[in-house]
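Have a look at the structure below, then the notes.
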Protein chains: 2
Amino acid sequence: MKIRPYHHGDLRATLLTLAEDTLRGRGAAELSLRELAREAGVSPAAPSRHFKTKQALLDALAMEGFDRLDEVMTAALHEAGDAFTDRLDRLARAYMSFSVDNAALLELMYSRKHDPDAAEELVAATRRLTGLVNRVIEDGQRRGEVRPGDVDLLVLPLAAALQGLTALLQSGGFSTTQIEQGLTETIAFIQRGYAP
Amino acid sequence: MKIRPYHHGDLRATLLTLAEDTLRGRGAAELSLRELAREAGVSPAAPSRHFKTKQALLDALAMEGFDRLDEVMTAALHEAGDAFTDRLDRLARAYMSFSVDNAALLELMYSRKHDPDAAEELVAATRRLTGLVNRVIEDGQRRGEVRPGDVDLLVLPLAAALQGLTALLQSGGFSTTQIEQGLTETIAFIQRGYAP
DNA sequence: ACCTGAACACCGTTCAAGT
DNA sequence: ACCTGAACACCGTTCAAGT
C-alpha cells in the first residue's frame, strides 16, 4: 500500500517543521538533511529541490524566527501602556521569554555564517526589529522620559544587554529564580541608563 | 627520507595550534579532525589518542581561550588606576578587544554543548572570570563609587552588556567607528547604572 | 515540477595490529 | 605509550533518470 504518492505535496513546509523539532531537541549542529529526508519519507536528494544547501534551510529557519520574534515583540508593545518604563519592561520580558523558549533558534538567527543572499534578508529582518525598539526610545524621548541623544547609538546598550543576558543565562546553568532576578536587575539597570 | 619519525612527539600541542588556525580562519563548523591529522602528517586515527572526541578538542580550545582572556583582563586591571570608572573602562575595552581578535574562540567558550567533564572545568573558568569582575565592583562599592547591592546580581548587567555588544557587533557588520562609538556609549550606560 | 537511485568525496570513531 | 591501516556508519551534494 502506497501511503505516500510520488510527489510529497508539501515537502518544503514538512522539512522546516521537522528541522525545527530537531533544532529544539538537539541543536543546530545535530541537524542532518538526510535524516530529515528519512523522517519525511523521501529520498536523500529530495530536499535539494527546496533548499539548495543545508545552510539555505538554516537561513529559512532563521527568517521564520525573526518573523515570530517580531510578532511577539509587537504584541508585547500593544499590551503595554504609554509610559516608557512600562514599554521597556514589556519588551525586555517578551524578548527574554522568546529566547528561553527558542534558544537554539535565536542562536541561529544571530549566527554570522549565512549565505550571501539570505544574509540580506536577515539583515533586513534585524533592522525591522531594532526599528521597533528605536521607535519606543524615540517615543520616550518625546515624552521626556528618556534622555536625548542619537537613537541608533542609544539602542545599542539595550540590545546588547538583552542579547547578552539571554546568552549568559543559557550557558551558565542558572536557576529560574536567578533568571528572574537577573532580568529584573538588568531592566532596572537599563532604566537608569535611559533616565533623563 | 623520513622527515617525521613514527612518533610525532608533540601531536597534542600541534593539533591545538592547527585547530586554532582554522577556527580563526574558517570557524568552528569547518573544523575537521581528519584534516587536522593530514596537516599534522599523521593518520586519521592518531588524534583520538589525545582527544577522545572532536568535542574534547573544542573543549580544550575553549579552556585555552579562558586562560588567555583571564590574562588579558588581569593585565588591563593592573594598568588601571584605583577609580572604579577607570577600572571599568579598561576591563570593558580589554574584553572588547579580545572578542574582536578571537571572535570564533569566544563563541566556542560560550557554547553550551560541551562534554560533561569538560563543562565542569569551563564553568570553573567562567567563575574565575566573573570573580575578577565581582571584586572590581565590590571595590567600587567600598570606595562609594558604586551603589550598594548584591554583587552577584550587579555583575549580571555588566557581563550581559559586554557579551551582547560583542555578539551584536560581530553579526551586524558595523564599521569600526560605529563599534568604537557603541562601546563608549555602552560603557557610559554601565557607569550610570552603577552610580550611587 | 518534483522526486529517485546511485554515486562521489568527504566525515568521526573504533580497533586490531604495528613500533 | 603512541601511531597506522582498514573498516563502519554516517554525512552533503550532484546528476542522470524516472513520474
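Letters go in sequence order (proteins before strands), and every chain restarts at 1.
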Grab the [atom1]-[atom2] distance between [X] and [N] for me, whole Å please.
X	N	atom1	atom2	result
L31(B)	dT13(C)	CG	P	12 Å
F51(B)	dC3(D)	CZ	P	12 Å
R34(A)	dC11(D)	CZ	P	7 Å
L36(B)	dT13(C)	CG	C1'	15 Å
L33(B)	dC11(D)	CG	P	18 Å
E30(B)	dC11(D)	CD	P	18 Å
L58(B)	dC11(C)	CG	P	15 Å
R38(A)	dT4(C)	CZ	C1'	16 Å

For the side chain of [X], counting heavy atoms from C-beta on, which of [options] is nearest?
X	options	answer
S43(B)	dG12(C), dC15(D), dT4(D)	dT4(D)
L11(B)	dC3(D), dC15(D), dC11(D)	dC3(D)
T53(B)	dT13(C), dC3(C), dG5(D)	dT13(C)

Practice item. Using the rule that two of Ile, Leu, Val, Met, Phe, Trp, Tyr join whenever any of their side-chain heavy atoms come within less than 4.5 Å, decide whether L16(A) and L122(A) are in one cluster. Key: yes
Watson-Crick/G-U partner (both atom distances under 3.5 Å) of [N]:
N	value
dA17(D)	none
dC3(D)	none
dC10(D)	none

task: State whether the number of non-hydrogen atoms from other residues, nucleotides or ligands found under 6.0 Å of E120(B) atom CD is greater than 12.
output: no
**Asked** Considering residues, nucleotides and ligands other than R26(A), do more than 12 of their heavy atoms fall under 6.0 Å from its CZ?
**Response** yes
Distance below 4.0 Å between [X] side-chain N/O and [N] OP1 or OP2:
X	N	answer
S48(B)	dT14(C)	no
H50(B)	dC3(D)	yes
R49(A)	dT14(D)	no
S32(B)	dG12(C)	yes

Result for side chain to side chain contact (heavy atoms under 4.5 Å, CB included) between L168(B) and one of T126(A), L162(A), L156(A) points to L156(A)
Decide, yes or no, whether a salt bridge links R147(B) with E185(A) under the criterion of side-chain N to carboxylate O below 4.0 Å. yes
